[in-house]
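A short worksheet on the structure shown next.
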Amino acid sequence: MRFNYRSYFKSHHPQTLASLKSILNSFFFLLSKVNPMDGNPPPDDPPPFDPLEPSNPVSYPLKTLEELESRSYFNSFHFPFNKASVKLPPYAANELPKRPRLLVCHDMAGGYLDDKWIQGGNNPDAYAIWHWYLIDVFVYFSHSLVTLPPPCWTNTAHKHGVKVLGTFIMEWDEGKLLANKLLSSQKSAQMYAEQLSELAAALGFDGWLVNMEVSLDVEQISNLKEFVSHLTQSMHSLVPGSLVIWYDSVTIDGNLSWQDQLNAKNKPFFDISDGIFVNYTWRENYPKHSAEVAGDRKFDVYMGIDVFGRNTYGGGQWTTNLALDVIKMDNVSAAIFAPGWVYETKQLPDFQTAQNRWWELVERSWDISQNYPQTLPFYSNFDQGHGYQVSVDGKQISQTPWNNISSQSFQPFLEFSGKSTGGHLKVVVDIKEPSYNGGGNLTFNGTLDDDFQFSARLFEGKLQLADSPLNFTYSVRHLFLWDNSS
């Protein structure tokens, strides 16, 4: 099928004639492929994903116990690409600090989206987190049996001193069948625990969130305890400083009954792991009760908060800080579930602004968890892991939109006010303007009056300097608009 559009475009828009003709011909060709009058069958569905076949490297979860038991993942074409390349700095590789901590469980639209492409993608608006200085532990979550964190998350979290956990989950009717196999014997429970530990050690992340959201026969509980205990011990052996966190789900009597606090029904699992992620429908006095039950391990109690606000204390969303205030007052830890709410629900005016505003609420309640720099030399180009261009030493080498969280540089501790600081300047990370290195800039926007002095927090470090000199090197581009009206 062809149209006689040549005469019009040849006289009016000759430059676009060739490209438009190609586009239209391609469009009508595709229409003919699905036209039932043509007699041509529709194109076949793409072949199923085969991890043994070479392709663009991707991250993906394991969905069956057979995959876990057979160790088939280690034969995958994608396995070597999924190894994290950044280790935790020495100060963060050991036990967590003895204070209230912040765990963030990403739960972003099912997981494995733009972040699954190990070598990056072309979405400049891809989801990312850059407020790492507020976080102690990051959990990558999906509803698949074994959720393996894409290495981009592990790389940037480790750079900022944050531990990364994968997720092991069993839920619904299918989960019950899987649990029967997992817990069929003590030997079986130990074997699957060892396979999970091996995966974490091989891929370079720091442990597991265990979520058994199924009801069990009381006779299976002893093997479940063996599974959790053996997983914790084997992880500690393979990855010193690693964590196994139990999710508040099935109880010691086999009932799927979320307790919303630490109590006698879930404490046996807490006692053999590194902590508990308490379900998010707790009441105001539950953090205090949980701290009393935990005793000297109260910081290992992570009270859940669902940012979507599903029956969560305080309502989540833009009032997430209300739950954080209660948790902090009772001196236990917090677990924020699904901060991607800001991105998924398209909060106004745009993702960058809404993300900064939401995390500022977290900081006001929780304060800073990480300090950097702690060693020298220290470098940041403020790259957020997505953008519209890339530069090297002041020369723009690409104007192609891109995303790759692994490329994140150290993120600044910017304070968000939503307006110019002090009525004069606003400090933001800009990913659209050309940069000196990478794809981001630290931008100061606003007006400067005569004799105006301005300061902004960029980082909060811990450095042993004594009398040693400290040298700064930076690149600056000035864009001035002069006001000659006076």
Side-chain angles (χ1 to χ4, degrees), residues 95-107 135-141 147 163-171 193 196 206-216 221 224-233 235-236 241-306 311-313 323-324 326-328 330-338 366:
E95 293 184 1
L96 291 170
K98 301 295 184 183
R99 56 160 172 76
R101 309 162 192 144
L102 188 66
L103 179 152
V104 171
C105 190
H106 113 295
D107 185 48
I135 303 172
D136 293 287
V137 181
F138 176 79
V139 180
Y140 194 81
F141 182 89
T147 300
K163 295 180 188 287
V164 177
L165 310 184
T167 304
F168 182 75
I169 186 171
M170 291 184 174
E171 54 188 346
L196 289 173
D206 310 296
W208 296 97
L209 172 68
V210 177
N211 188 354
M212 297 292 292
E213 292 202 83
V214 292
S215 59
L216 299 172
I221 296 301
L224 177 58
K225 291 174 65 178
E226 180 62 29
F227 170 75
V228 176
S229 175
H230 197 70
L231 176 60
T232 304
Q233 294 172 23
M235 276 302 315
H236 290 177
S242 58
L243 301 171
V244 173
I245 305 293
W246 173 260
Y247 189 81
D248 170 27
S249 49
V250 68
T251 62
I252 198 65
D253 52 14
N255 294 326
L256 179 56
S257 177
W258 300 271
Q259 299 300 294
D260 301 326
Q261 61 184 310
L262 180 65
N263 61 22
K265 290 183 178 293
N266 53 30
K267 189 172 184 291
F269 301 111
F270 174 76
D271 290 339
I272 55 177
S273 64
D274 296 301
I276 185 170
F277 185 144
V278 174
N279 192 52
Y280 46 75
T281 55
W282 46 269
R283 299 179 183 179
E284 187 170 358
N285 58 343
Y286 286 9
K288 181 179 180 181
H289 291 169
S290 298
E292 293 170 352
V293 174
D296 60 3
R297 288 190 60 200
K298 61 185 178 182
F299 301 136
D300 296 333
V301 177
Y302 299 84
M303 303 299 298
I305 308 169
D306 178 19
N311 298 316
T312 201
Y313 181 87
L324 286 170
V326 172
I327 295 169
K328 188 70 174 289
D330 291 324
N331 213 25
V332 292
S333 295
I336 293 178
F337 186 77
W366 204 255

Under 3.5 Å donor-acceptor pairs involving side-chain atoms of residues 244-257, not counting sequence neighbours:
residue: Tyr247; atom: OH; partner: Asn279; partner atom: OD1; Å: 2.7
residue: Asp248; atom: OD1; partner: Gln259; partner atom: N; Å: 3.1
residue: Asp248; atom: OD1; partner: Asn266; partner atom: ND2; Å: 3.3
residue: Asp248; atom: OD2; partner: Gln259; partner atom: N; Å: 3.2
residue: Asp248; atom: OD2; partner: Asp260; partner atom: N; Å: 2.7
residue: Asp248; atom: OD2; partner: Asn279; partner atom: N; Å: 3.2
residue: Ser249; atom: OG; partner: Met212; partner atom: O; Å: 3.1
residue: Ser249; atom: OG; partner: Tyr247; partner atom: O; Å: 3.0
residue: Thr251; atom: OG1; partner: Asp253; partner atom: OD1; Å: 2.2
residue: Thr251; atom: OG1; partner: Asn255; partner atom: N; Å: 3.4
residue: Thr251; atom: OG1; partner: Asn255; partner atom: O; Å: 3.2
residue: Asp253; atom: OD1; partner: Asn255; partner atom: N; Å: 3.4
residue: Asp253; atom: OD1; partner: Asn255; partner atom: ND2; Å: 3.4
residue: Ser257; atom: OG; partner: Gln259; partner atom: NE2; Å: 3.1

Result block: side-chain N/O donor-acceptor pairs under 3.5 angstrom for residues 95-102, not counting sequence neighbours:
residue: Arg99; atom: NH1; partner: Asp136; partner atom: OD1; Å: 3.4
residue: Arg99; atom: NH1; partner: Asp136; partner atom: OD2; Å: 3.1
residue: Arg99; atom: NH2; partner: Asp136; partner atom: OD1; Å: 2.8
residue: Arg99; atom: NH2; partner: Ser369; partner atom: O; Å: 3.0
residue: Arg101; atom: NE; partner: Pro97; partner atom: O; Å: 2.9
residue: Arg101; atom: NH1; partner: Phe299; partner atom: O; Å: 3.1
residue: Arg101; atom: NH1; partner: Asp300; partner atom: OD1; Å: 2.8
residue: Arg101; atom: NH1; partner: Tyr302; partner atom: OH; Å: 3.1
residue: Arg101; atom: NH2; partner: Pro97; partner atom: O; Å: 3.2

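Considering CZ of Phe269 and CG of Leu262, their distance stands at 12.0 Å, rounded to 0.5 Å. Between the CG atom of Asp306 and the OG1 atom of Thr312 there is a distance of 5.5 Å, given to the nearest 0.5 Å. For the atom pair CD of Glu226 and CD1 of Ile272, the computed distance is 8.5 Å after rounding to the nearest 0.5 Å. Atom CZ of residue Arg297 and atom CD1 of residue Ile276 lie 10.0 Å apart, to the nearest 0.5 angstrom.
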Could you walk me through whether Val104 and Val139 satisfy the side chain to side chain contact (heavy atoms under 4.5 Å, CB included) test, starting with their C-alpha distance in whole Å, then the side-chain angles of each, then the deciding distance to 0.1 Å, before giving a yes or no?
CA-CA 6 Å; Val104 171; Val139 180; over 6 Å; no
Check the pair Met235 / Trp208 against side chain to side chain contact (heavy atoms under 4.5 Å, CB included), numbers first and verdict last.
CA-CA 9 Å; Met235 276 302 315; Trp208 296 97; 3.9 Å; yes
Run the side chain to side chain contact (heavy atoms under 4.5 Å, CB included) test on Leu196 and Phe168 for me, step by step, so that the C-alpha distance in whole Å, both residues' side-chain angles and the decisive distance to 0.1 Å come before the verdict.
CA-CA 9 Å; Leu196 289 173; Phe168 182 75; 3.7 Å; yes
Go through Leu103 and Ile336 one step at a time and tell me if the side chain to side chain contact (heavy atoms under 4.5 Å, CB included) criterion holds.
CA-CA 6 Å; Leu103 179 152; Ile336 293 178; over 6 Å; no
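Here the side chains of Leu324 and Val326 are not in contact, with every heavy-atom distance at 4.5 Å or above. With contacts defined as side-chain heavy-atom distances shorter than 4.5 Å, the pair His236/Thr232 qualifies. Counting heavy atoms from C-beta on, the side chains of Lys298 and Asn331 come closer than 4.5 Å. Residues Trp282 and Met303 meet the side-chain proximity criterion, which asks for heavy atoms closer than 4.5 Å. Thr281 has its side chain out of reach of Tyr313: every pair of non-hydrogen atoms, C-beta onward, lies at least 4.5 Å apart.
For Asp206, there are no salt bridge (charged side-chain N to carboxylate O under 4.0 Å, His left out) partners, not counting sequence neighbours.
More than 12 heavy atoms of other shown residues, nucleotides or ligands fall within 6.0 angstrom of atom NZ in Lys328.
With ring centers used as reference points, His106 lies under 6.0 Å from Tyr140. Aromatic rings of Phe141 and Phe337 (six-membered ring for Trp) have centroids within the 6.0 Å cut-off, being under it.
Side-chain atoms of His289 and Asp330 include no donor-acceptor pair closer than 3.5 Å.
Here the side chain of Ser229 pairs no donor or acceptor atom with the backbone of Lys225 at under 3.5 angstrom. With hydrogens and angles disregarded, a donor-acceptor distance shorter than 3.5 Å links the side chain of Lys163 to the backbone of Gly241.
Residue Ile305 comes nearest to Ala323 through the heavy atom pair CD1-CB, 3.7 Å, listed as atom of the first residue, atom of the second, then distance. When all heavy atoms are compared, the tightest approach of Val228 to Ser273 is CG1-CB, 4.1 Å. Nearest heavy-atom pair across Gln261 and Val278 is N-CG1, 3.3 Å. Annotation for Ser290 and Val301: closest pair CB-CG1, 4.0 Å, computed over non-hydrogen atoms. Residue Ala291 comes nearest to Val332 through the heavy atom pair CB-CG1, 3.5 Å, listed as atom of the first residue, atom of the second, then distance.
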